[in-house]
S.K.: 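Sending over a structure as structure tokens; questions will come in a sec.
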2 protein chains.
Amino acid sequence: MTKSKGENVNSIVENLLSIHPMLSKNISRAIRSKTNLNPGSLFVIGMLKKHKLLSMTEIGCKLSMPKPHVTAHIDKLIAAKLVERLNDPNDRRIINIQLTAKGLQDFEAIKKDITEELRIQLNKLDENRLQNLQESSQIVRDVLTEIVIDNVDQGCAKK
Amino acid sequence: MTKSKGENVNSIVENLLSIHPMLSKNISRAIRSKTNLNPGSLFVIGMLKKHKLLSMTEIGCKLSMPKPHVTAHIDKLIAAKLVERLNDPNDRRIINIQLTAKGLQDFEAIKKDITEELRIQLNKLDENRLQNLQESSQIVRDVLTEIVIDNVDQGCAKK
DNA sequence: AATAATAGTTATACTTTTGTAACCATTTTC
DNA sequence: GAAAATGGTTACAAAAGTATAACTATTATT
């Protein structure tokens, strides 16, 4: 019972549309209750953890947000000492952002906190289903990362 | 290279935390640009499509939103003729909500619209990866539905 | 029959997200 | 070297999500 390409795409879209609100509700709520950061700022941190060093413009490009919003997020993160600004030696207009040691450390702790309920629920699953879910979520993550990054990076190229 | 239960849970949490912002950015933006509805209202419709008939309180319970928000969402959806109110014959306090024919029809069209970009990206994947992603996203959806519903339904029981 | 509990609405306020216009500093282009 | 383009900030405004208190109508409790 293999499906056609079109059927698979439709089914995937259905699944992602169903997954989205479940994650959104739970994770957003947890972020609000467990941290002083808003979800958007946490996305910025996650992006910085992945890419190590990004300029303001690059952050905005990768997260599809206009520059003024990036400034606002970074201002908050700097006030919390989670990131720092670094002047670019080659271009004095550019300000590069990176996580501080505290930022990296706090990010891990925050992740633990905000997913605690989810973790409790997951722990009720038996080993086989967990293993299965682990592999499946990994695949979804990897493929989405690939196609979403490709999409967002249009125009975000490093010159 | 099988993982321990705890390792699997951690890895799943990591994956879900990574999937969330990718879906959030893309789907939320598409909802905003392609429809007159806000994301929250669309979640309500999705829930109604699944459960057919829900009271105001049940909707709030399943989507973890307080009753005043439900009223606001339903008011908008009724103005758009996508849902209708039905008085409960057994309890005149209760107002049940269900999708109209237009609501069901529009929902399908909206889903097509807001996922068009995603669909284009997905179509670039080869058949094997699509099949793989279909199965994986289905598993993630099913398991999340199971554990999240269980979670949210605490206190939402049908009496 | 009086009281408590439930279902839903109205009103209000706050935060987050999103969008946009105007601006300064620096670099690139011609 | 003047003009245009780029990187970033400031300021303002609108939409959406979130939270809560107070209220009406109906049903359940005793």
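Note that the coordinates shown come from a computational prediction; the quantities given were computed from them, not determined experimentally.
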S.K.: Please, which pairs that meet salt bridge (charged side-chain N to carboxylate O under 4.0 Å, His left out) have at least one residue in residues 11-26 of chain A, sequence neighbours excluded?
M.R.: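 As it turns out, the salt bridge (charged side-chain N to carboxylate O under 4.0 Å, His left out) pairs with a partner in residues 11-26 of chain A, which skip direct neighbours, are A/Glu14-B/Lys111.
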S.K.: Check whether any side-chain N or O of B/Arg32 sits under 4.0 Å from OP1 or OP2 of D/dA16, and answer yes or no.
M.R.: no
S.K.: According to salt bridge (charged side-chain N to carboxylate O under 4.0 Å, His left out), does anything in residues 81-95 of chain A pair up with another residue at least two apart or in another chain? List the pairs.
M.R.: A/Asp75-A/Arg85, A/Asp91-A/Arg93
S.K.: Regarding B/Ser28, tell me which of base, sugar-phosphate or nothing describes its non-hydrogen contacts under 4.0 Å with the strands shown.
M.R.: nothing
S.K.: Of all the nucleotides listed (C/dG8, D/dT10, C/dT17), which has the minimum atom distance to the side chain of A/His73?
M.R.: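 For A/His73, the side-chain atoms sit closest to C/dT17.
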S.K.: Between B/Arg32 and B/Pro39 (side chain of the first, backbone of the second, donor and acceptor by atom type, cut-off under 3.5 Å), is there such a pair?
M.R.: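 No.
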S.K.: Not counting sequence neighbours, which residues clear side chain to side chain contact (heavy atoms under 4.5 Å, CB included) with B/Ser24? List them please.
M.R.: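 For B/Ser24 the side chain to side chain contact (heavy atoms under 4.5 Å, CB included) partners, ignoring immediate neighbours, are A/His20, B/His20, B/Ser28.
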S.K.: For B/Ile94 and C/dA5, give me the distance from atom CD1 to atom C1', rounded to whole Å.
M.R.: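 Those two atoms, CD1 and C1', are 13 Å apart.
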S.K.: Hey, is the side chain of A/Lys25 poking within less than 4.0 Å of OP1 or OP2 on D/dT18, counting only N and O atoms?
M.R.: yes
S.K.: At under 4.0 Å, does any side-chain N or O of B/Asn38 touch on OP1 or OP2 of D/dG17?
M.R.: yes
S.K.: Go through C/dA7, D/dT20, C/dT10 for me and flag the one nearest to the B/Lys67 side chain.
M.R.: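 Within the option list, the nearest is C/dA7.
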S.K.: Applying side chain to side chain contact (heavy atoms under 4.5 Å, CB included), name anything that partners A/Ser136, two or more places apart in sequence or on another chain.
M.R.: A/Asn132, B/Ser136, B/Ile139, B/Val140
S.K.: Take atom CG of A/Asn96 and atom C1' of D/dG8, then tell me their distance rounded to the nearest Å.
M.R.: 12 Å
S.K.: Heavy-atom nearest nucleotide on DNA chain C for A/Gly40 versus A/Arg92: which residue maps closer to 5'?
M.R.: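 Result: A/Gly40.
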S.K.: In whole angstrom, what separates A/Glu58's CD from D/dG8's P?
M.R.: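 In whole Å, D/dG8 P and A/Glu58 CD are 8 Å from each other.
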S.K.: How would you label the contact of A/Pro68 with the nucleic acid (heavy atoms, under 4.0 Å): base, sugar-phosphate, or nothing?
M.R.: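 Base contact - A/Pro68 has a heavy atom under 4.0 Å of at least one base atom.
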S.K.: Is there a donor and acceptor pair closer than 3.5 Å between the side chain of B/Arg93 and the base of C/dT6?
M.R.: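 Check passes, donor-acceptor contact within cut-off.
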S.K.: Give a yes/no answer on whether the side chain of B/Thr57 brings an N or O atom under 4.0 Å of OP1 or OP2 in C/dG8.
M.R.: yes
S.K.: Under the salt bridge (charged side-chain N to carboxylate O under 4.0 Å, His left out) rule, what pairs show up with a residue in residues 94-106 of chain B, not counting sequence neighbours?
M.R.: B/Lys102-B/Asp106
S.K.: Measure from CD1 on B/Ile27 to C1' on C/dT17 and round the result to the nearest Å.
M.R.: 17 Å
S.K.: Evaluate whether the aromatic ring of B/His69 and the six-membered ring of the D/dT18 base sit under 5.5 Å apart, centre to centre, with an inclination under 30°.
M.R.: yes
S.K.: Side chains of A/Val83 and A/Gln98, heavy atoms from C-beta outward: is any pair under 4.5 Å?
M.R.: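 No, every pair of side-chain atoms sits at 4.5 Å or beyond.
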S.K.: To the nearest Å, how far apart are A/Asp75 CG and D/dT9 C1'?
M.R.: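 About 9 Å, once rounded to whole Å.
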S.K.: To the nearest Å, how far apart are A/Phe43 CZ and C/dT18 P?
M.R.: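 Atom-to-atom, A/Phe43 to C/dT18, this comes out as 9 Å.
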S.K.: Using heavy-atom distances to pick each residue's nearest nucleotide on DNA chain D, tell me which of A/Ser55 and A/Arg29 is more 5'.
M.R.: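 With A/Arg29 and A/Ser55 compared, the 5'-side residue is A/Ser55.
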S.K.: Take atom CG of B/Leu63 and atom C1' of D/dG17, then tell me their distance rounded to the nearest Å.
M.R.: 13 Å
S.K.: Go through residues 76-91 of chain B and report each residue with a non-hydrogen atom lying under 4.0 Å from DNA chain C, sorted by number.
M.R.: B/Arg85
S.K.: B/Leu130 versus B/Gln134: any side-chain heavy-atom pair under 4.5 Å?
M.R.: no
S.K.: Starting at atom CD1 of B/Ile31, determine the distance to atom P of D/dA15, rounded to an integer number of angstrom.
M.R.: 18 Å
S.K.: If you find the nucleotide of DNA chain C closest to B/Met56 and the one closest to A/Ser41, which residue's nucleotide is nearer the 5' end?
M.R.: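 Nearest nucleotide further toward 5': that of B/Met56.
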